[in-house]
Amino acid sequence: MTQQTSPTPSSDGSPNLEELVDDPSAVVAVAPEELEKDPPRVGISPELSMDPYGEEDLDISRDDFEALLTDFGADLQEVREGEIVQARVLKITDTSVILEFGFKSEGSVPLDEFKEPETLAEGDEVEVLLESLEDDDGIVVLSKRKADFLRVWEKIKEAHEADRPVKGTLARKIKGGVTVDLMGVDAFLPGSQIALRRVPNIEDLIGETYRFMIIKLNKRRRNIVVSRRVILEAERERKRKLLVKELLVGQVREGTVKNITDFGAFIDLGGLDGLLHITDMSWGRVGHPSEVVDIGRNLDIKVLDIDWDRERISLGLKQLLPYPWTDIDKKYPVGSRVRGKVVSITNYGAFVELEKGVEGLVHISEMSWTRNIRHPSKLVTIGDEIEAVVLKVDPEDEKISLGMKQIEEDPWLSLPMKYPSGTRITGKVRNLTSFGAFVEVEPGIDGLVHVSDMSWTRRVEHPSEIVQKGQDLDVLILDIDAENKRISLGVKQLDDDPWPVIAQRFAPGVECEGTVTRVQDKGVVVDLGDDIEGFVPASHAAVENMDRLEEFFHAGDSVDLKVLESDATNRRIVLEVTTAPERRAPEPEPEPELEAEADEEPAEVGATVDVDGSGDDAGEEG
């Protein structure tokens with residue numbers, strides 16, 4: 001049995017360390033009062049300075065060994081789960097970072113938990129949260145993101161409780177909003193909280209730094225929600241209260257275009273919105289507000305009206321410019337020639353812009369001396385540069401009448417001298433109406449041949465009985481009214497009046513034969529030959545029932561006649577029937593053409609023949 005010996009005390013009464021090292025079996029006994037007086041230094045176990053199982057003693061002095069032990073104790077961390085520890089980067093892979101912490105303990109952290117992974121290098125010191133020393137798989141669990149979160153949580157919590165704004169940087173766009181770098185941790189900024197109005201392109205804001213209010217915290221889920229709009233609204237309300245006191249009608253203030261509609265633009269005056277109506281944007285014509293202003297643009301505008309009860313502010317932009325209609329009659333005197341651009345076309349004319357805010361109307365009747373223009377678009381189009389003459393100026397109603405045809409000489413003024421009455425010309429029949437035919441005298445200038453001037457002897461019901469459209473026709477100039485732009489033409493005047501001779505040929509009492517041409521309510525018209533017509537009044541038709549002439553006379557019937565009156569002045573011959581006609585049934589009216597065709601040729605299989613022409617579709621429309 002080994003005998004234990006007590007070390008010899010040193011001169012100051014403390015145990016002798018040299019004897020402790022030399023004698024491994026020595027036991028140090030220290031009185032309690034000595035511990036309170038001077039706590040002993042940590043002793044060095046003899047096993048650390050001498051290897052009893054080795055062949056050689058450790059080649060190190062006591063002081064050096066004690067220094068090494070002290071340094072190692074300083075580096076050794078006391079690590080506990082749930083605390084932040086200092087770790088050193090050992091290795092970086094494509095997906096994770098291998099870290100060393102404590103006394104040769106290792107763990108890995110996903111690479112995406114580092115804010116700037118590209119700046120990491122082996123040997124770098126980082127802080128991580130020790131979540132678990134050993135999970136179910138025996139692996140150390142570390143988190144960089146949670147460590148960052150815990151470091152700033154208290155600051156964020158304090159700012160939230162104090163309702164104090166914090167600075168953050170917009171990091172990246174995500175679904176529903178933006179991730180904000182807030183003191184090194186991620187916070188969520190909803191899209192509706194970025195600004196006072198919707199931001200069309202959030203990507204343009206990435207990297208910008210703003211002040212935010214923390215509106216929601218959840219430590220367990222590490223959820224932080226921030227808002228920039230809250231700060232902007234508070235600032236807007238502050239400016240609004242100040243603006244209400246300062247804003248007056250007639251002021252010129254700077255504003256920012258906030259929104260654009262079809263009828264105008266809303267301008268942010270710095271706390272209050274005003275409406276800049278499209279009619280107050282320019283003295284000229286504005287098709288859409290976007291032609292004048294852009295969203296986000298700063299501009300000077302004038303306050304036109306304020307309605308605090310309805311919170312409406314009317315603004316004007318054109319009111320900052322001179323009124324263009326001042327002394328307009330001196331600038332554009334009547335008779336002067338002007339140039340302008342066609343900006344609008346209507347059914348009745350074209351509007352021409354002479355300058356910004358000043359437009360004149362060229363009425364359709366003032367576009368051409370000779371052409372019959374159905375619509376102004378046949379002559380001009382929007383954007384055309386035209387020359388016109390000022391016809392009338394009305395400064396009060398802001399109206400200017402212009403004429404295009406006045407640029408050229410009126411051809412009607414020279415027509416009476418060029419075509420005096422009695423001039424014979426040849427022209428093309430351009431149009432037929434119920435009262436006559438229009439014949440081209442010159443390009444764009446037509447004259448009228450009235451039905452009464454087509455034949456000396458026939459009573460013409462419609463001009464198509466004598467002429468056809470497109471036919472070249474010889475006519476005689478009867479009269480030219482240059483002021484009213486009318487030309488009267490005649491066909492029958494090409495020949496001498498035959499009525500003096502006709503009156504002698506068909507003198508009263510002369511008996512003759514005629515052919516019925518048509519039956520009228522008051523009598524019968526007969527052809528006496530040589531295009532001479534006579535009229536048999538119903539009272540001289542030799543029938544008892546004068547209301548039913550059509551039952552006694554049919555077109556083409558020959559009748560015996562006697563002249564009662566021959567008037568060369570009024571160009572008429574009145575006759576009576578000398579041989580009473582027989583009563584016959586009226587001629588049947590011709591059946592509808594569609595029905596006749598149906599009788600002649602059967603309809604195809606599956607087709608429906610509607611004899612009365614109404615048709616199934618027509619019936620549905622009715």
Side-chain angles (χ1 to χ4, degrees), residues 260-265 275-294 316-319 321-413 430-431 433 438 440-446 469 482-486:
I260 296 177
T261 66
D262 291 337
F263 56 84
L275 174 62
L276 175 60
H277 197 270
I278 188 172
T279 57
D280 291 312
M281 288 185 172
S282 172
W283 291 112
R285 185 182 296 268
V286 179
H288 192 271
S290 58
E291 300 175 7
V292 181
V293 297
D294 300 312
L317 188 61
K318 71 180 184 182
Q319 287 77 7
L321 302 174
Y323 179 54
W325 286 85
T326 303
D327 296 330
I328 199 69
D329 51 347
K330 297 179 181 178
K331 192 172 185 179
Y332 301 103
V334 174
S336 61
R337 291 195 174 195
V338 295
R339 294 192 64 87
K341 182 173 69 174
V342 178
V343 293
S344 179
I345 296 177
T346 65
N347 292 331
Y348 53 85
F351 286 92
V352 179
E353 184 182 59
L354 304 179
E355 63 178 72
K356 275 294 184 184
V358 178
E359 294 179 5
L361 172 64
V362 180
H363 195 270
I364 190 171
S365 63
E366 303 295 343
M367 289 187 168
S368 174
W369 291 113
T370 59
R371 293 179 58 181
N372 183 21
I373 303 171
R374 296 179 179 271
H375 194 274
S377 59
K378 300 294 183 180
L379 200 61
V380 296
T381 57
I382 293 178
D384 286 353
E385 291 281 345
I386 67 167
E387 188 175 9
V389 174
V390 178
L391 305 180
K392 183 181 178 182
V393 179
D394 186 349
E396 293 184 2
D397 292 336
E398 298 182 358
K399 292 181 180 180
I400 297 179
S401 298
L402 303 174
M404 292 172 57
K405 66 184 184 182
Q406 287 78 6
I407 295 296
E408 302 174 351
E409 183 182 357
D410 185 359
W412 284 88
L413 299 177
R430 297 184 56 85
N431 194 21
T433 67
F438 286 94
E440 184 180 56
V441 177
E442 285 189 352
I445 299 178
D446 295 341
K469 186 176 181 180
E483 184 177 353
N484 294 314
K485 296 177 175 53
R486 292 177 182 175

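Scope of the values below: all heavy atoms of this structure, side chains included, with no hydrogens, waters or symmetry mates. When a residue number appears, it is its place in the shown sequence, counting from 1.
Within a 6.0 Å radius of CD in E408, no more than 12 heavy atoms belonging to other residues, nucleotides or ligands are found. Enclosure of atom CZ in R285 by more than 12 non-hydrogen atoms of other residues, nucleotides or ligands within 6.0 angstrom is indicated. Environment of CZ in R486: sparse, with no more than 12 heavy atoms of neighbouring residues, nucleotides or ligands closer than 6.0 Å.
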Inset, instruction - Any chance you could lay out the side-chain contact (heavy atoms from CB on, under 4.5 Å) test for W325 and D397, step after step, and finish with the verdict? - result: CA-CA 10 Å; W325 286 85; D397 292 336; over 6 Å; no
Inset, instruction - In sequence, state the C-alpha distance, the side-chain angles, and the governing distance for I328 and E398, and then conclude on side-chain contact (heavy atoms from CB on, under 4.5 Å). - result: CA-CA 9 Å; I328 199 69; E398 298 182 358; over 6 Å; no
Legend entry - Residues I400, V390; criterion side-chain contact (heavy atoms from CB on, under 4.5 Å); working and verdict: CA-CA 7 Å; I400 297 179; V390 178; 4.3 Å; yes
Inset, instruction - Go through M367 and V362 one step at a time and tell me if the side-chain contact (heavy atoms from CB on, under 4.5 Å) criterion holds. - result: CA-CA 7 Å; M367 289 187 168; V362 180; 3.8 Å; yes
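Going from atom CG of L402 over to atom CG of L361 covers 7.5 Å, rounded to the nearest 0.5 Å. For the atom pair R339 CZ and K341 NZ, the distance stands at 13.0 Å (nearest 0.5 Å). For the atom pair CE of M404 and CG of L379, the computed distance is 4.5 Å after rounding to the nearest 0.5 Å. We find the CD-OG distance between E291 and S282 to be 9.5 Å, quoted to the nearest 0.5 Å. Going from atom CD of E353 over to atom CD of E385 covers 9.5 Å, rounded to the nearest 0.5 Å. One finds the CG atom of L391 at 11.5 Å from the NE2 atom of H363 (value rounded to the nearest 0.5 Å).
Contact record, P395 with V393: CD-O, 3.6 Å, taken as the closest heavy-atom pair. Between L317 and L276, the closest heavy-atom pair is N-CD1, 3.5 Å. Nearest heavy atoms, P333 versus K330: CD-O, 3.6 Å. Across all their heavy atoms, D262 and H288 have their closest contact at OD1-NE2, 3.1 Å. Contact between N347 and P376 at its shortest, heavy atoms only, is O-CD, 3.6 Å. Across I260 and P289, no two heavy atoms sit closer than the pair CG2-CB, 3.9 Å.
A cation-pi contact, defined as under 6.0 Å to the ring centre and within 45° of the axis, links K405 to W369.
Under the 3.5 Å distance criterion, the side-chain polar atoms of K318 are matched with a main-chain donor or acceptor of T279. No donor-acceptor distance shorter than 3.5 angstrom exists from the side chain of W283 to the backbone of V358, with no hydrogens or angles considered. Between the D384 side chain and the I386 main chain, no donor and acceptor come within less than 3.5 Å of each other.
Residues W412 and N484 are not in side-chain contact: their nearest non-hydrogen atoms beyond the backbone lie 4.5 Å or more apart. Within the 4.5 Å cutoff, the side chain of E366 has no heavy atoms near those of the V389 side chain. Side-chain contact between H375 and I345 is present, with at least one heavy-atom pair separated by less than 4.5 Å.
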